[in-house]
Amino acid sequence: MQRPSLLQSLKTALQGKEVIYQKKRADYSVDGVEAGVVVMPGSVEEAASVVEAAGREGASVVAYGGGTKMGMGNRPRGVDVVLGMERLNRMVDHQPGDMTATFEAGVPLSEANRRLGEKGQWLPLQSPMPERATIGGILATAYSGPMALGYGLPRDWVIGMRVVNADGRVTKSGGKVVKNVTGYDLHKLYTGSLGTLGIILEATSKVAPRPQVSRTLVARFGFCREALEASRGLLKDYASPQALVVVNGVVGNLVGLGDGWTAVVMVEGRSVGVETRVVKAREYLGERMEEVDEGIWQRLVDMPWREKDGPTVCVRYNVTTSKVGEAMESAGAEDGVIVDVGMGVVRRLWWMEGDISKNDLNMVAGRGEWVVERCPPGLKEGIDVWGEAASVELMRRVKAKLDPKGILSPGRFVGGI
Amino acid sequence: MARGYGLVRKPSIFKKLETVVGKGYVISHPDDLLVFEYDGSIDKAVPQAVVFPVSMEEVRRVVAVAQEFDVAVVGRGSGTGLSGGAIASAGGLQVALTRMNRILEMDVENRLAVVEPGVINLQLDEAARKHGLRYAPDPSSQRACSIGGNVAENAGGPHCLAYGVTSNHVLGLEVALEDGSVTWLGGRTRETVGYDLRGVFVGSEGTFGIATKAVVRLLAAPPSIKTYMAVFRDIESACEAVSSVIGKGMVPAAMEMIDALTIKAVQNLHDMGLPKDAGCVLLVEVEGLREEVEEMGGEVEGVLRKSGSREVRWAESAAERERLWRARKGALGALGSLAPNYYLVDGVAPRTKLASVLRQVSEISERYKTPIANVFHAGDGNLHPCILFDEREAGSVERVIEVGGEILKVCVEAGGSLSGEHGIGLEKKAYMPLVFSEEDMSVMRLVREGFSPSGRFNPGKIFPGGPMDGDDIDVRAMQKRAVSVAGPGAHV
């Protein structure tokens with residue numbers, strides 16, 4: 001829906017800068033809700049002006065990075081303004097000796113790692129479509145891949161942030177040093193908040209030296225139980241891998257791993273240690289283990305989000321390592337399964353023909369903590385894709401303090417926040 | 001509007017507290033309260049009552065009583081924070097969690113432990129070691145400090161260089177909020193749904209609520225460890241060595257610096273094997289698989305030698321390694337052999353600016369004619385200049401406070417921060433504007449109001465002045481008193 005007064009306010013706020021795109025509204029719809037207006041700020045100040053002007057008009061603002069994970073979350077109650085991040089795409093700072101780097105929110109992950117790679121460093125995060133997925137988007141969704149087992153989650157890497165708050169003020173938390181307990185870690189709060197508490201404009205993170213060697217190995221099993229047991233055994237060893245997932249044949253066939261249950265292992269580090277870890281992996285996973293191209297990891301991370309032959313529905317379960325088996329007990333032969341054994345993340349994927357009912361969705365979700373990461377927008381009506389989170393009331397209170405008018409990504413978060 | 005929580009005016013509150021925790025677990029006699037007036041030799045203030053709950057249910061009910069009587073609540077672990085965080089500066093109730101010291105669960109399969117807040121850090125680590133696991137954050141006070149306190153301050157320690165601070169190791173927290181409700185933030189899994197409330201609770205210095213249980217991650221204990229001691233002519237060349245190691249893409253488990261003055265203090269007490277004539281000693285620990293340690297250790301050794309170390313040796317036995325670490329972790333206590341008092345500064349500088357910041361610290365030391373000993377976490381830039389003095393000398397306390405302030409300014413100007421592991425507490429709140437604007441802090445205050453609308457949890461901490469922030473507290477006076485009682489028993 002377009003609002004003439006809002007448009008005028010935005011034009012005034014941006015002092016005639018040509019960063020407002022009305023024609024692109026359809027390209028930036030969120031879960032089928034078309035954007036009222038799309039704005040592409042080129043600076044922190046411009047972004048702040050937009051949010052401030054929108055807030056005055058009581059207009060909703062949804063941040064938009066590379067658009068790769070815009071399907072996450074409940075359907076928004078409104079998308080009056082899309083705040084696009086593509087022009088906020090600079091590497092602000094990189095201090096190789098301090099192992100820190102600062103990026104604007106719109107820098108794609110692969111671009112960030114290309115720049116860091118010039119100095120032999122990287123930000124060891126994974127995301128679907130890293131050439132499009134932005135640093136800001138990865139932090140806002142707290143999206144992680146299998147490497148989190150060895151390297152940690154986005155929350156473990158971010159040490160400081162600049163955000164624009166709901167009232168248009170630009171504020172910061174943390175800083176640029178790796179150890180810092182000055183003030184509250186608000187950047188942890190913004191990470192994973194899907195743009196509902198503040199819009200990330202700039203993030204400072206720790207970075208790591210790139211590993212000398214990386215090897216990817218796969219082992220196939222006839223039964224799910226065998227694959228999980230072998231994986232759990234390996235994870236108990238100190239020489240455990242940096243990433244370890246088990247996939248079933250449905251997923252295996254789509255990513256080129258074939259039938260049966262396949263354990264996929266990433267071993268990285270100094271070559272001497274990697275050799276030991278490979279030997280150790282063979283002890284648990286068996287002689288049938290073979291080496292494959294590391295490109296398999298990106299294919300696995302992309303799988304739930306693939307547009308062409310990707311699933312209609314993807315549900316993520318968060319469980320402990322010992323409960324991964326239980327979390328997938330009800331998976332049928334047609335379902336896709338990706339199990340991150342060490343992280344306790346189970347993704348179940350469904351390819352459904354025609355209409356999917358809410359009953360279908362209730363059937364697939366339900367046990368423990370879960371999130372519907374992807375499903376057709378129409379299905380989101382009447383359900384909370386975030387399942388049941390603990391302490392929702394406290395979350396509401398924090399939201400009410402930081403965004404009393406409810407203009408930031410309204411309705412998209414847990415409990416309709 | 002300014003408000004004070006201080007006074008527990010109505011005697012009926014004591015009766016009520018006794019019905020919650022039982023007689024004998026509420027202290028209100030002034031003599032008894034004196035024991036709780038300080039936290040590891042920093043600031044001082046006497047609470048009006050100390051309560052010793054033994055369970056989550058009791059904590060919840062104590063907090064509800066505080067709400068009913070409108071008094072402040074200050075959580076307290078072992079009192080080793082060193083920034084005044086556990087001081088009942090605005091009066092009110094101090095909730096001592098020392099009786100809640102059970103390890104409730106050691107889940108080896110899922111590599112986690114469920115603990116009460118009063119569990120001592122080292123006890124948790126030792127319990128985990130029995131299963132081949134470890135609790136990685138290891139503050140130097142780990143023999144005394146509690147997990148609840150570590151959570152409140154987001155504590156660090158030497159091994160945080162490789163493994164991260166407390167925040168990276170807390171999966172879930174059960175917390176009591178001011179309305180007497182109890183809620184879980186996070187849980188037993190690394191991925192959770194919803195706002196990362198546990199992430200922002202860690203390091204909130206007791207201003208959001210009281211943690212009554214913590215679920216912490218345990219890591220596999222490394223099969224091989226090698227601890228090196230490198231001797232340098234001065235602190236600058238040691239700093240360069242630290243940068244060179246990192247520059248080679250190596251991240252040791254720990255890199256700790258001990259300067260000449262501290263070496264002298266340590267060796268004054270016992271022979272801990274530190275060379276008395278050294279300008280500076282760097283402890284570097286490498287952990288991992290045996291072959292990784294051999295190879296990386298060799299490279300680290302080479303870099304240390306190339307960076308001008310006149311001598312590099314390593315601990316040949318577990319006992320020798322233990323001795324080196326005792327020298328490091330007991331260094332603060334040893335400063336008592338050099339001066340009657342010391343004042344510890346906990347600043348952070350970007351690692352690459354360490355040499356320049358320490359040069360400026362040394363200039364400040366000369367300018368004020370005040371000796372400063374340095375013993376710190378060099379790998380992550382967390383400095384601990386210890387200003388030595390004698391409080392009996394006229395004007396010494398004022399001078400020390402000024403020196404501390406100057407050092408913090410130098411850290412911030414270099415791109416660093418006010419605290420690496422002890423928190424802001426009372427001690428440093430006046431310096432917060434050096435790092436954060438009023439707007440930055442106002443957002444922090446909003447989040448606090450989300451957790452604790454009345455602000456009764458630990459009022460007067462972190463933020464300078466203002467309503468709900470203990471505006472009746474004179475920071476300078478607090479610091480002065482703090483400095484005057486600083487003694488050799490503290491840890492860092």
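In this structure, the portion of A/Phe413 lying under 4.5 Å from any heavy atom of chain B is its side chain and not its backbone. Both the backbone and the side chain of A/Val272 come within contact range of chain B, judged by heavy atoms closer than 4.5 Å. In this structure, chain A has heavy atoms under 4.5 Å from both the backbone and the side chain of B/Ser167. For chain A, the nearby part of B/Ala349 is the backbone; its heavy atoms alone come within less than 4.5 Å. B/Leu446 touches chain A through backbone and side chain together, each having a heavy atom under 4.5 Å away. Interface residue A/Ala148: only backbone heavy atoms are found under 4.5 Å from chain B. For B/Thr352, the parts sitting under 4.5 Å from any heavy atom of chain A are the backbone and the side chain alike. Both the backbone and the side chain of B/Thr192 come within contact range of chain A, with heavy atoms under 4.5 Å apart. Only the backbone of A/Asp237 comes within less than 4.5 Å of a heavy atom in chain B; its side chain stays farther off. Contact annotation for B/Leu418: both backbone and side-chain heavy atoms come within less than 4.5 Å of a heavy atom of chain A. With a 4.5 Å cut-off on non-hydrogen atoms, B/Met296 touches chain A through its backbone and its side chain both. Only the backbone of A/Leu235 comes within contact range of chain B, with at least one heavy atom under 4.5 Å from a heavy atom of that chain. Heavy-atom distances place the side chain of A/Asn165, and not its backbone, under 4.5 Å from chain B. With a threshold of 4.5 angstrom between heavy atoms, B/Phe201 does not approach chain A through any atom at all. Only the backbone of B/Glu153 comes within less than 4.5 Å of a heavy atom of chain A; no side-chain atom from C-beta onward does. Heavy atoms of A/Arg316 lying under 4.5 Å from chain B belong exclusively to its side chain. Heavy atoms closer than 4.5 Å to chain B are found nowhere in A/Arg396, neither backbone nor side chain.
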Full working for salt bridge (charged side-chain N to carboxylate O under 4.0 Å, His left out) between B/Glu438 and B/Arg445: CA-CA 10 Å; B/Glu438 188 46 51; B/Arg445 285 193 177 97; 3.1 Å; yes

Salt bridge (charged side-chain N to carboxylate O under 4.0 Å, His left out) assessment of B/Glu292 paired with A/Arg277: CA-CA 11 Å; B/Glu292 283 172 336; A/Arg277 282 163 209 267; 3.1 Å; yes

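More than 12 heavy atoms of other shown residues, nucleotides or ligands fall within 6.0 angstrom of atom NZ in A/Lys176. More than 12 heavy atoms of other shown residues, nucleotides or ligands fall within 6.0 angstrom of atom CD in A/Glu52.
Using the six-membered ring where Trp is involved, B/His384 and B/His377 have ring planes that are perpendicular, over 60° apart on the 30 and 60° scheme.
In terms of heavy-atom pairs under 4.5 angstrom with chain B, the leader among A/Leu194, A/Val170, A/Leu394, A/Asp167 is A/Leu394. Counting heavy-atom pairs closer than 4.5 Å to chain B, the top residue among A/Leu189, A/Val414, A/Val398 is A/Leu189.
Between A/Glu369 and B/Arg188 there is no salt bridge, since no side-chain nitrogen of the basic residue lies less than 4.0 Å from a carboxylate oxygen of the acidic one. One finds no salt bridge joining A/Glu229 and A/Arg232 here, because no Lys/Arg side-chain nitrogen approaches an Asp/Glu carboxylate oxygen to under 4.0 Å. Salt-bridge annotation for B/Glu287 and B/Arg134: present, with a side-chain N of the basic residue lying under 4.0 Å from a carboxylate O of the acidic one.
A distance below 6.0 Å separates the ring centres of A/Tyr184 and B/Phe463.
Looking at heavy atoms from C-beta onward, A/Ser173 lies out of side-chain contact with A/Asp185 at the 4.5 angstrom threshold.
The minimum heavy-atom distance between B/Tyr163 and B/Asn168, with the atom names listed, is O-CB, 4.3 Å.
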